[in-house]
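No experiment lies behind these values; they were computed from the predicted model shown. Labels below follow one simple rule: chain letters A, B, ... track the order of the sequence lines, proteins then strands, and each chain is numbered from 1.
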Amino acid sequence: MLEVKGLTKRFGANVAVDAVSLSVDRPCMIGVIGRSGAGKSTLLRMMNRLTEASGGEILFDGRDVLSLTGREKRGWQSDCAMIFQQFNLVPRMDVVSNVLHGTLGRRSTLATMFSLYPEEDIHTAIDILDRLGIAQHAAKRAEALSGGQQQRVAIARALMQDPKVILADEPIASLDPMNAQTVMEALRRIHDEDGRMVIANLHTLDTARRYCDRILGMRDGRIVFDGTPEQLTTGVARDIYGAGTDFSEAATSTEIRDTAPVAAVERRLAKVTV
Amino acid sequence: MLEVKGLTKRFGANVAVDAVSLSVDRPCMIGVIGRSGAGKSTLLRMMNRLTEASGGEILFDGRDVLSLTGREKRGWQSDCAMIFQQFNLVPRMDVVSNVLHGTLGRRSTLATMFSLYPEEDIHTAIDILDRLGIAQHAAKRAEALSGGQQQRVAIARALMQDPKVILADEPIASLDPMNAQTVMEALRRIHDEDGRMVIANLHTLDTARRYCDRILGMRDGRIVFDGTPEQLTTGVARDIYGAGTDFSEAATSTEIRDTAPVAAVERRLAKVTV
Amino acid sequence: QEITEFRLGILGGENAQDRVASNQCFAEKIAEALGVEVKIFTPADYNGVMQGLLGGTIDAAWMGASGYAGTYLADPEAVEPVLVKQNLDGSIGYYSIGIARKDSGVTSLDDMEGKVFGFGDPNSTSGYLIPSIEISNGGYSMQPGEYFGDVVFTGGHEQTIVAVGNGDVDAGVTWADGLGAWEDGYNSGALRKAVDAGLVDMNDMVQIWQSNIIPEGPFVIRKALPQDVKDSVTELTGNLWEEDPDCAYGVAAGEAKDFIPVEHDTYASIVAARQAVSN
Amino acid sequence: MAHFADTPLAETRAAYLALVRQRRLYGGLMLAIFLLLLAAGFGIANDRNAGGFLPGLPHIFDFPADVVAEAWQKRANLPGHLRDALPALIETINIAALATLSGAAGAIVLSLLSTAGLAPWPRLIPLFRRMMDLMRAVPELVIALVLIFVLGGGPVPAAIAIGFHTVGALGKLFSEVNENADTKPLEGLASAGATWSQRMMLGLLPQVAPNWFSYALLRFEINIRASAILGFVGAGGIGYELRNAISFGQGRFDEAAAVFILLFLTIVLFDQLSSVLRHRLTHGARKETRP
Amino acid sequence: MTLASAGMPAPDMHAAARRLIARKRVVAIALPLLLLAYLVYVFFAFDIPGLAQRARWDNARILVSDSYSYKTHVERNNRTGAFTVAVEGERKGTYDDTNLPGWVALGDGRADVTLDDGGRIEIDGDTVRYDVPGFGLIEARQTQAEGVTTNLDAGTLPDWISYSDTRLMVTTPEARLTLTRARTEVFVYAFGWELFFFTLDSPYHGESLRNILFGPQIDPARGNIAGAWQDFWGNSIWRHGDTAWALFETVLMAFLGTFGAAVVALPLAFLAARNFAPLIAIRLAARRLFDFLRGVDGLIWTILLSRAFGPGPMTGALAILFTDTGSFGKLFSEALENVDGRQIEGLASTGARPVQRYRFGVIPQLVPVLLSQVLYFLESNTRSATIIGAITGGGIGLLLTQAMITQKDWEEVSYYIILIVLLVMAMDSLSGWLRRKLIRGD
Ligand SMILES: Nc1ncnc2c1ncn2[C@@H]1O[C@H](COP(=O)(O)OP(=O)(O)OP(=O)(O)O)[C@@H](O)[C@H]1O
Ligand SMILES: Nc1ncnc2c1ncn2[C@@H]1O[C@H](COP(=O)(O)OP(=O)(O)OP(=O)(O)O)[C@@H](O)[C@H]1O
Ligand SMILES: [Mg+2]
Ligand SMILES: [Mg+2]
Ligand SMILES: O=P([O-])([O-])[O-]
């Protein structure tokens, strides 16, 4: 259903995404990993048409995504929801209004100008919030919520779009481990229950392994790994991250802890076991 | 030489320092420990006259400290230097000027306004900085220095006052272990070499034990322990901190580490060694 | 051509409220005659009325001769003079009077060399136009720094008198009818008002100069108005002293004999004078 | 997960819908009232004005056109007029500078006296605050006119009037800056026996000076305009020149144009200068804190 | 002991530190010196030494005393012999013979004035006698032939008596007496703002509030409250109705100017903001337009617009609108440049149209900034409107300047000043209140 061919993005001399090709034939949950600057965000942004591609094509159910313009482009955008690391909500508006922004692509400009949303949309929005466990915050301002709650509002907005694909750009990077788990579980459930395709940029291997069906590894704008979580061994990870043999997964773990004392204790551990 | 009698401070209904009495007959290095809110800071601030006492008296070499006003009060303040947890330097001014502020009690406002410091004061300032090992930073702005360096500037300012007593309110609480050690050693050396009295609030037992001649334990505004480092057993410490038997010194150690993962690794360690 | 309202502009040496008050009866009469609403405007200075007449936002006004000349020079088709105030003695003129403080030692223009001379409003006839011409014709250059140490505008007749009284300027010019006694500040004019208000004591003042007679300013009407409107306002105003002397007193800001017809020619010399002081 | 929350959900829903309705009502009402006020206000203003808005609109350029035409015709005089008006311009700038300097000095004192934590007499803080409010409320025009009556025309009444107002305006801003200042350095100095003035000079001033300076610059710019305006009612400076030239009208429009140009250029110059300086001050300062 | 610190030897460090402090000293001394030099220059440029001499403190005294007192004129026209007694000498404040104030008695050809301090003034035909307590009797007489003659010795006059053979003036704290050939005048000062509520011709003059509210009907034609209100509001000396209108006009100018400018500037600001401008050329043009509108200044706009719109509040409002459009344009476009792009991007990713993106991604961010600036300007424009009104001919500013220029109605000047200060303070509180309400609440 999704076919990416030779997708390229150049920023000046810098090639951010370098002839990426990819084929997905059924809705699955895909994790994209790679170190900072590998081109993960750019890839997702091109899919959503937030960034214009320099070359290549994206086909979705046969539709040529990159050539759409105007109304059709916006139609595609509403089919392909995007979730951001920083949530990108309107902080001064209430939660439900933020969720309802997911319908902007479908509703007339004039009605939305004055926030005149149909009542059934409001009901749907509250249902979605309920599904994500945050219905009780419906009337609060988005800025009054915790990071994890805000990200779930962003997911609710995405769901409100009733999209075929959900793109998530490091959805848990600014969250604490607790919230990160809630959000990843919400995404997974959406995939499992609604059968929507989810593509998530992740910067931690363990998250990718735990929640995704398929993992793409990017490096310098190219896909250097494409396989199942089981295939993602430490050796492969070293290749993706371009790390030497001193690479430790712990360094990219979502768990918050100071590595120094742990390392120290681990050294003691090593000494003991030797 | 220092005699504190029934010193009390009330904030509204709350008694922060409760009839503290204390007698010191020769310059020594005293550590004050106690948990947060025990009244340690308030005690020191009253000695320096930054906070007015509600009752009691402080005699220093026979002088009634609490009854001093105006010029005499400032004279006492310059005899009794204070070092703060947050250094309390003027961040946008250079290091030498900050050290020279130690002479303010002796100089007229007008002279200090136009930076009319006598040459020998400037030389003294440099010598003191040199002694503390930071003379090479003399011309930098205070804010450009690391925490440990800033605290040494604060100590230099205190020394510049040529005080009889140095009060230090948690001088190492915002420092990393490395810097903490440097600062404590500097304080100890000042005590050893110049024979000045040093009273330091400390929130870690090991530091107190290591550097002080005499330790006071405070709890709820009262002194509940007064003895040598050797007398400060874990049982006594539990009393001071009002902790149960699960009290572990590690929890208050200066070493920065997250106890949770360390504990986890330690458990592994335990398993292995068993 | 119909008008929907009639706008009367008023200026002079009274505060804005009093000006409105003194002309209220006049406005009511016009409203009755024309059958439209009459609004009174009291701009801050001569220029405000001139701009209003030029822009067509004010329909009629009592003006100073110089103000009329300025309006005429800017646009000859803007307004026409219709009436002028006739004094009790039958004249239609008044004088520009130069004054100084007695204790300053200044008794005539000859003593003014290097000193500060004060005019009123730049659009005033007696407070600027005529004295600036006649005094420089008398051999005292009006270029600041040439004969006088400085030449300044105080802003208006009242301010000139106060400025002289305060010593801010060494001498200044203002207007008076030239009748009556000096110690009263003459019978009418800015000086008299200042004396009545207790602003100056004429014992402390001396007169150092007097102009030739200056024609009273005209009552002007905008030319573009319909003829019948112009006619009825003119007629009504012309009969004011006969029909309602109390009201006329307010409109004329003091005693007068009558309002009599006047034509542009009366002001030809003033227009010429004004053109001459334009640089 | 929604199975146990049926009633709460219905409640949430109803509550939110009620909220939306209320908000629409209030929002709509507020908008309507605002628009009504605006329209009614415009209607009244239009009615009480000598000329109407619509009839006047086509003539909006009549006056400027007259001025430009005459100035162009006598363009040879312009340089001379510019030179003649220069002393008046300098006077205007001096009025603004003196007012800003003395106003800022007063503002510093008042703001220190009225900032909690810095004030030497904390109990008098409300008094000094009210004082600043009052100084801000009295329009410069009023003070200037009264002073002109007493002191005679000229730059001094204007400088005093503007300076008086500046104390109130800057005092408020300064005390906001002071409130955000870090008190730790002050306490550090106090512990060394520093007097109040030493603490302020050495502990506070270095922290707040850039912000104070930036606000004072902004005020300076505002004060230049204010002093030009006051000149118009008799307080000397360029406003006085402008008034005389412009009100004589036809025949002296070249002079008026010269003064216009000078005034406009000055205002733009100081506007730009102050915004560049302020930008550099605040951003430069920020850079320095993190070397 | 010295920690053997690597680096320069101690003497060098000493010298370096000395230089550092010396540099600071130079700056610390030079700045105040420069300032002082400038102040000295201004001191002489503004001729402050001369100012002290020119200052007229008696003017200040008049202003202050007039602001809380009023004077009643008792005047004899020496040509006709007729007497008038009038408050402030106004025709509208003239007493008729039946309701004279108690301290003055008019007889045939004479008037007797009793002053509060025990002094007495008699106007007896062409003669006037003033018995000043503690000084003695001043007697003076005027004739058309000889002018003014008096019993005083012209050589030893105190400074409160001014005498020439045409005019005598005696000024005491209680009264002022002037005698010329034309007129004999006595001004009697009293505390308060006389006729503030009702003029002499109103039947309610002299009635207590109680009587008006609860007493019997005073004017048979009108109900007490309605009638009193009518006479108060239409008071022909104080003109409260007109004054209220003038105050309203001032607020109106500020309100229309400020909000009009905000409405005009908002869309234009998008054109001038770096992140929204469609073309650099348009952005630069918009910026220059703002600079121009602001640079020309409200004062000049007032003059330029007076030809097209004539005097009145709308001209003033337009002048404020023009200037503030420039100020708001600049401020709003800066606020726009600081908006958080993430919110907009979030909306863009859902397929929102540009207008919707502005509406939900930009406006909510902008509203607090915008509102607080607009409200701040509203308050400061109330002050500007006072000045602009004084030039354009509208509002309380005009009344104030005109009253000051006439230099006699100081009680009215005080009245206007009080009203203006109250108005500005009220607007200040209002805008502060709205700011808190709208921005924090919402
Ligand atoms: N708007 C832009 N202009 C210029 N270069 C850009 C832009 N956006 C991204 N780049 C560059 O493109 C490359 C890929 O960036 P991208 O944001 O896609 O990486 P990423 O894998 O998402 O990294 P991160 O984990 O840091 O988000 C980087 O070198 C980046 O500097
Ligand atoms: N300015 C103040 N106003 C009111 N209460 C205060 C004030 N300063 C201190 N207290 C109270 O006095 C008690 C003692 O405070 P103090 O700061 O002396 O404790 P401490 O032992 O220094 O604690 P910490 O280790 O947290 O610094 C606390 O309960 C505190 O809340
Ligand atoms: Mg990225
Ligand atoms: Mg403490
Ligand atoms: O024009 P004037 O009436 O001021 O002489």
Side-chain angles (χ1 to χ4, degrees), chain B residues 90 92-103 107-142 148-149 152-153 155-156 159-160 182-183 185-195, chain E residues 1-49 51-52 274 330-331 334-335 337-342 368-369 372-373 376 432 436 440:
Chain B
V90 183
R92 294 171 66 88
M93 279 198 172
D94 60 81
V95 167
V96 191
S97 296
N98 266 296
V99 176
L100 285 167
H101 290 165
T103 66
R107 306 266 169 251
S108 78
T109 309
L110 210 68
T112 49
M113 234 172 89
F114 297 113
S115 297
L116 296 171
Y117 299 104
E119 204 156 286
E120 69 262 25
D121 277 4
I122 301 175
H123 290 178
T124 316
I126 293 289
D127 291 342
I128 294 173
L129 286 171
D130 192 33
R131 184 175 164 197
L132 294 170
I134 45 171
Q136 68 274 28
H137 301 301
K140 287 192 192 155
R141 282 182 181 217
Q149 290 168 332
R152 277 183 281 166
V153 176
I155 295 176
L159 287 180
M160 194 72 206
T182 322
V183 165
E185 271 164 10
L187 281 175
R188 180 73 213 184
R189 218 173 45 238
I190 287 160
H191 169 68
D192 290 344
E193 291 167 8
D194 305 2
Chain E
M1 85 112 215
T2 344
L3 274 173
S5 58
M8 16 179 184
D12 274 8
M13 282 189 186
H14 286 175
R18 272 202 317 272
R19 277 197 302 279
L20 178 77
I21 298 293
R23 250 198 323 276
K24 288 182 60 153
R25 189 177 304 155
V26 168
V27 174
I29 294 175
L31 271 180
L33 274 185
L34 267 176
L35 218 62
L36 193 70
Y38 177 74
L39 289 179
V40 168
Y41 153 71
V42 172
F43 188 79
F44 288 107
F46 285 2
D47 188 23
I48 297 195
L51 186 80
R274 193 173 297 128
K330 185 177 174 195
L331 290 170
E334 277 164 9
E337 283 173 4
N338 290 332
V339 295
D340 176 7
R342 288 180 317 207
V369 187
S372 100
Q373 277 164 352
Y376 175 72
R436 279 192 302 279
R440 246 184 253 155

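Put simply, the residue from E/V26, E/V27, E/I29 that forms a side-chain contact (heavy atoms from CB on, under 4.5 Å) with B/F114 is E/I29.
E/I21 is not listed as a side-chain neighbour of B/E119, based on a closest heavy-atom distance of 4.5 Å or more. At a threshold of 4.5 Å between non-hydrogen side-chain atoms, the residues B/H123 and E/R18 count as touching. When side chains are defined from C-beta on, B/D94 counts as touching E/K24, because their heavy atoms get closer than 4.5 Å.
For B/L100, the part lying near chain E is the side chain, with the backbone staying farther off; criterion is any non-hydrogen pair under 4.5 Å.
For the residue pair E/L20 and B/A139, the shortest heavy atom distance occurs at CD2-CA, 4.0 Å.
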Query raised in the report: Can you check side-chain contact (heavy atoms from CB on, under 4.5 Å) on B/D127 and E/M13, steps first, answer last?
Result: CA-CA 9 Å; B/D127 291 342; E/M13 282 189 186; over 6 Å; no
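For E/Y38, the OH atom is densely surrounded, since the number of other residues' heavy atoms within 6.0 Å is greater than 12.
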